[in-house]
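Accompanying notes for the structure given below.
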Amino acid sequence: VGSSYIDIDDISIIEGPSCYKPNNLDATNVQASSADLGWDENNSATSWQVKWDTAGFDPDSASNILVAGSNPFSVSGLTSNSSYEFYVRSICGAGDSSVWAGPFLFYTPCNVVLTAPFTDSLESHALADKIIQSECWMATQTGNYSWNVGSGTTPSSFTGPSGANSGSNYFYIEASGSYLGDSAFLISPSINLSALSNPSLQFYYHMYGNDM
């Protein structure tokens with residue numbers, strides 16, 4: 001249609017694997033020091049190898065590697081307010097395992113409780129892409145719709161502010177490459193409000209863009 005094209009090249013018919021790797025990796029019930037790691041099994045395997053560690057670890061030299069007999073598989077001993085990744089492969093039989101699936105990235109929450117009145121100028125937050133964990137803030141998202149820490153103008157042309165309301169840093173959401181149904185959440189640290197009679201949340205915001 002019009003100037004749209006579909007290109008196909010180098011088609012091959014080869015022997016497929018006898019043991020397919022898991023997919024749809026996920027982490028649920030994530031606590032400050034534990035998480036349940038899960039996946040979709042694509043064979044009839046009832047045992048899997050799982051390896052996990054802090055984000056960016058070398059999977060070829062992983063120290064946390066176990067054979068799991070359950071899906072999901074619970075891991076403990078994690079550090080709060082940290083980024084982790086895990087890999088998994090199916091064990092279909094003796095000498096017959098799938099290739100590794102992963103990594104899947106997940107984040108343990110902060111176990112610090114702050115006391116109101118509380119103000120965060122955002123100046124102590126490091127500039128980051130898609131994940132904010134400094135000062136126990138956390139950003140999670142689906143797809144490419146994400147929260148970030150920015151300074152100056154936002155990366156996308158003709159959108160966002162030219163700078164922060166005060167200081168240098170601000171939180172912003174980047175929607176480039178996102179699709180209908182994508183979501184993004186900005187999660188504050190736990191804040192004890194018991195010292196306030198009528199607690200309220202206040203913040204400055206800026207909204208601008210062709211698709212706003």
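The structure presented is a predicted model; accordingly, all values stated were derived computationally and were not measured.
Annotation for Lys51: atom NZ counts as buried by contact number, over 12 foreign heavy atoms lying within 6.0 Å.
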Report task. Walk me through it: do Phe171 and Trp137 pass the test ring-ring contact (aromatic ring centres under 6.0 Å, His included)? Result -> CA-CA 11 Å; Phe171 292 151; Trp137 286 82; 5.1 Å; yes
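Ser47 places no side-chain N or O within 3.5 Å of a backbone atom of Ala68 that could act as its donor or acceptor partner. Not one N or O on the side chain of Asp120 forms a donor-acceptor pair closer than 3.5 Å with the backbone of Phe118. Looking only at distances, no side-chain donor or acceptor of Ser178 sits under 3.5 Å from a matching main-chain atom of Ser176. Side chain of Thr154 to main chain of Thr159: a donor-acceptor pair is present (N/O by atom type, distance under 3.5 Å, no hydrogens or angles).
In this structure, Trp147 is a member of the same hydrophobic cluster as Val149, with clusters built from ILVMFWY side-chain heavy atoms closer than 4.5 Å. A single hydrophobic cluster is seen to contain both Leu201 and Tyr205, as judged by linkage of ILVMFWY side chains at heavy-atom distances under 4.5 Å, directly or through other members. Using a 4.5 Å cut-off between side-chain heavy atoms of Ile, Leu, Val, Met, Phe, Trp and Tyr, with links allowed through other members, Ile187 and Val30 fall into different hydrophobic clusters. By the rule that hydrophobic residues join a cluster once side-chain heavy atoms approach within less than 4.5 Å of another member, Leu78 and Val112 end up as members of separate clusters. Hydrophobic cluster membership differs between Phe106 and Phe185, with clusters built from Ile, Leu, Val, Met, Phe, Trp and Tyr side chains linked at under 4.5 angstrom.
Side-chain contact between Pro72 and Leu37: absent, with no pair of heavy atoms (C-beta onward) separated by less than 4.5 Å. Annotation: side chain of Val88 is not in contact with side chain of Phe73 (no heavy-atom distance under 4.5 Å). When side chains are defined from C-beta on, Trp48 counts as touching Trp39, because their heavy atoms get closer than 4.5 Å.
From Asn24, atom CG reaches atom CD of Glu41 across 12.0 Å, with rounding to the nearest 0.5 Å. Tyr172 OH to Ser146 OG: the interatomic distance, rounded to the nearest 0.5 Å, is 7.0 Å. One distance of note links CG of Leu105 with CG of Leu25; it measures 11.5 Å at 0.5 Å rounding.
When each of Trp52, Tyr87, Tyr84 is paired with Phe57, the ring pair (Phe, Tyr, Trp, His ring centres under 6.0 Å) condition holds for Tyr87 and for no other.
Smallest separation of non-hydrogen atoms from Ser98 and Pro22: OG-CD, 3.8 Å. Across Gly38 and Phe86, no two heavy atoms sit closer than the pair O-CZ, 3.7 Å.
Side-chain contact check for Ser156 and Glu174: at least one donor-acceptor pair (N or O, by modelled atom type) lies under 3.5 Å. Using modelled atom types and a 3.5 Å distance limit, the side chains of Asn165 and His206 yield no donor-acceptor pair.
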